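Take a look at the structure below.
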2 protein chains.
Amino acid sequence: MPFTYDYPRPALAVDCVVFGLDEEDLKVLLIRRGQEPYAGRWALPGGFVRENESPAAAARRELHEEAGLRDVYLEQLYTFGAPGRDPRGHVISVAHYALVRLSDHRVAAATDASDAAWFGTDDLPRLAFDHGAIFEMAHARLRAKVRYQPIGFELLPERFPLRMLQHLYEVVLDRPLDKRNFRKKVLEMGILEELDEVETDVSHRAARLYRFSKARYQTLTKKGLNFEL
Amino acid sequence: MPFTYDYPRPALAVDCVVFGLDEEDLKVLLIRRGQEPYAGRWALPGGFVRENESPAAAARRELHEEAGLRDVYLEQLYTFGAPGRDPRGHVISVAHYALVRLSDHRVAAATDASDAAWFGTDDLPRLAFDHGAIFEMAHARLRAKVRYQPIGFELLPERFPLRMLQHLYEVVLDRPLDKRNFRKKVLEMGILEELDEVETDVSHRAARLYRFSKARYQTLTKKGLNFEL
DNA sequence: CTATCATAGTGTAGGACTCACACGAACGAG
DNA sequence: CTCGTTCGTGTGAGTCCTACACTATGATAG
């Protein structure tokens with residue numbers, strides 16, 4: 001069933017850079033393409049935007065269809081529209097990035113689509129289309145944004161020890177941080193809730209668990225806090 | 001001549017928030033709409049993206065056609081795609097913002113399109129579509145970005161006294177700055193070229209003129225400078 | 001030519017923040 | 001009971017930020 005318009009329209013797509021955090025490093029979710037163009041190559045999950053669907057909604061739909069992911073933190077990144085970026089014709093893609101808790105989602109992504117896999121961010125294969133450039137921009141944005149907005153918590157389990165939070169920042173910023181200074185800064189900020197609970201199943205002294213308090217963050221933000229790490 | 005596709009395609013547009021700087025305040029360029037919808041309302045300059053045209057190219061073309069502007073600083077802002085934002089159907093708009101030197105461009109914009117005008121940023125009329133929200137986002141982005149990237153110079157004439165630079169920051173950040181601290185910071189950064197020239201036609205002591213040196217900025221950036229004001 | 005007016009241009013000191021740095025306590029494993 | 005591993009904690013030096021006021025210069029008006 002064909003659709004007809006008075007003027008030509010470029011096609012509109014979305015692509016998503018999905019980040020997850022490991023014990024070791026930062027991961028990205030890729031999908032192996034089954035069809036031409038770039039059949040067999042790894043690519044970012046994505047697809048075409050339907051009529052009367054916002055780009056954000058399209059991105060969420062595709063993440064669910066292609067990787068079984070739901071309820072993730074999602075933010076628009078940039079719109080890539082150079083003619084020639086897709087050999088099928090002029091396709092403009094609204095790129096997004098998403099942050100997921102790997103502990104919750106690792107399995108889902110691996111089973112739902114048999115050709116989905118997590119890759120370490122410094123160990124990516126060559127990607128289809130201009131997805132390499134999209135990934136680079138997303139990575140840069142994450143590094144920048146994590147420093148002045150508390151989005152990093154989206155990568156952690158709900159309750160976490162401070163070591164895990166520090167590890168997150170070390171992995172994302174790609175440099176070591178001082179433990180005492182890091183703890184002081186984060187705790188003094190007052191956006192963490194100290195829980196009456198410690199880690200379990202560790203073969204050494206167990207660390208106290210914390211939880212990010214969105215409520216406290218919003219209160220403090222109104223009072224002029226500026227989150228910065 | 002109709003254009004036909006196998007799947008429906010939303011229409012793709014661009015809109016531009018064009019900022020200029022006055023002796024008094026920050027201005028935005030608006031165009032009065034001649035046609036429905038929103039005929040007679042003020043709106044951001046913009047229009048539809050053609051096939052095989054990148055969004056940035058479309059934005060530049062529209063700025064030229066609707067306001068006679070060329071060679072402006074242009075950056076992508078965000079893509080607005082909520083269904084319902086345009087009563088004609090599903091139109092997705094890649095919003096941009098532009099910075100121009102009012103001294104050069106004020107006239108052009110006023111003559112080329114008789115229904116174009118500059119408005120003070122705290123004195124805007126109600127805008128068509130979701131252009132009010134687009135403007136707000138652009139304004140917020142400019143305020144944020146001007147602090148860590150030397151984009152403010154795009155709003156000034158090539159040669160300017162330090163007072164004018166300070167005035168720019170005061171207007172954009174909407175708070176007064178200390179003269180001595182401001183000068184110290186800017187000059188110590190080393191990105192300004194001190195010229196052998198002073199203001200003319202002023203009825204008081206004339207100030208020295210400076211020029212932003214892109215070359216120095218890039219050199220220093222590589223050496224780890226981080227611009228911050 | 002003198003007085004007036006407007007803006008240019010300049011330094012310092014107190015407080016806040018940043019950064020580097022090391023060791024005893026807790027707990028599980030063997 | 002010993003070993004191994006991670007937890008949790010404070011201080012001092014240096015740097016950066018901020019607040020603050022007066023003299024110099026040049027144009028204009030009387």
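Naming convention: chains lettered A, B, ... in sequence-line order (proteins, then strands); numbering from 1 in each chain. Predicted, not measured: the structure shown is a model, and the values here were computed from it.
What separates NZ of A:Lys184 from C1' of C:dA16 is a distance of 12 Å, to the nearest Å. The separation between A:Leu187 atom CG and D:dC7 atom C1' is 13 Å, rounded to whole Å. Nucleotide D:dC17 holds its P atom 11 Å from the CD atom of A:Glu228, rounded to whole Å. Distance A:Leu177 CG to D:dG8 P: 17 Å, rounded to the nearest Å. Summarising the geometry, the separation between CZ on A:Phe182 and C1' on D:dG10 is reported as 18 Å, rounded to the nearest angstrom. If you take CG of A:Asp178 and P of C:dA22, they are 10 Å apart, rounded to a whole angstrom. Counting to the nearest Å, the C1' atom of C:dG9 and the CG atom of B:Leu165 are 16 Å from each other. Between the CZ atom of B:Arg180 and the P atom of D:dA21 there is a distance of 8 Å, rounded to whole Å.
In the set D:dA21, D:dG8, C:dT12, D:dG8 carries the atom at the smallest distance from any side-chain atom of A:Ala207. Among D:dG8, D:dC20, C:dT10, the nucleotide with an atom closest to any side-chain atom of A:Arg183 is D:dG8. Residue A:Arg205 places its side chain closer to D:dT6 than to any other of C:dC21, D:dT6, C:dA8.
Residue B:Arg208 is classed as a sugar-phosphate contact, given heavy-atom separations below 4.0 Å to backbone atoms only. Among the protein residues, A:Arg163 comes within range of the sugar-phosphate backbone only, with heavy atoms under 4.0 Å from sugar or phosphate atoms but none that close to a base. Contact annotation for B:Lys185: no contact, since no heavy-atom pair falls under 4.0 Å across all strands.
The residues B:Arg147 and B:Glu228 are annotated as not salt-bridged, no charged nitrogen and carboxylate oxygen being separated by less than 4.0 angstrom.
The closest donor-acceptor contact from the side chain of B:Arg32 to the backbone of B:Gly40 lies under 3.5 Å.
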Could you go through A:Arg216 and A:Glu193, starting from their C-alpha distance and side-chain angles, then the distance that decides it, and tell me whether this counts as salt bridge (charged side-chain N to carboxylate O under 4.0 Å, His left out)? CA-CA 9 Å; A:Arg216 287 195 200 174; A:Glu193 226 174 296; 5.2 Å; no
Worked check of salt bridge (charged side-chain N to carboxylate O under 4.0 Å, His left out) between B:Arg208 and B:Glu197: CA-CA 6 Å; B:Arg208 161 138 312 164; B:Glu197 223 173 328; over 6 Å; no
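At a threshold of 4.5 Å between non-hydrogen side-chain atoms, the residues A:Phe182 and A:Glu170 do not count as touching.
Heavy-atom nearest nucleotides on DNA chain C were determined for A:Lys179 and for B:Glu199, and the one closer to the 5' end corresponds to B:Glu199. Positionally, the nearest nucleotide of DNA chain C for A:Asn181 lies more toward the 5' end than for the other of A:Asn181 and A:Ser203.
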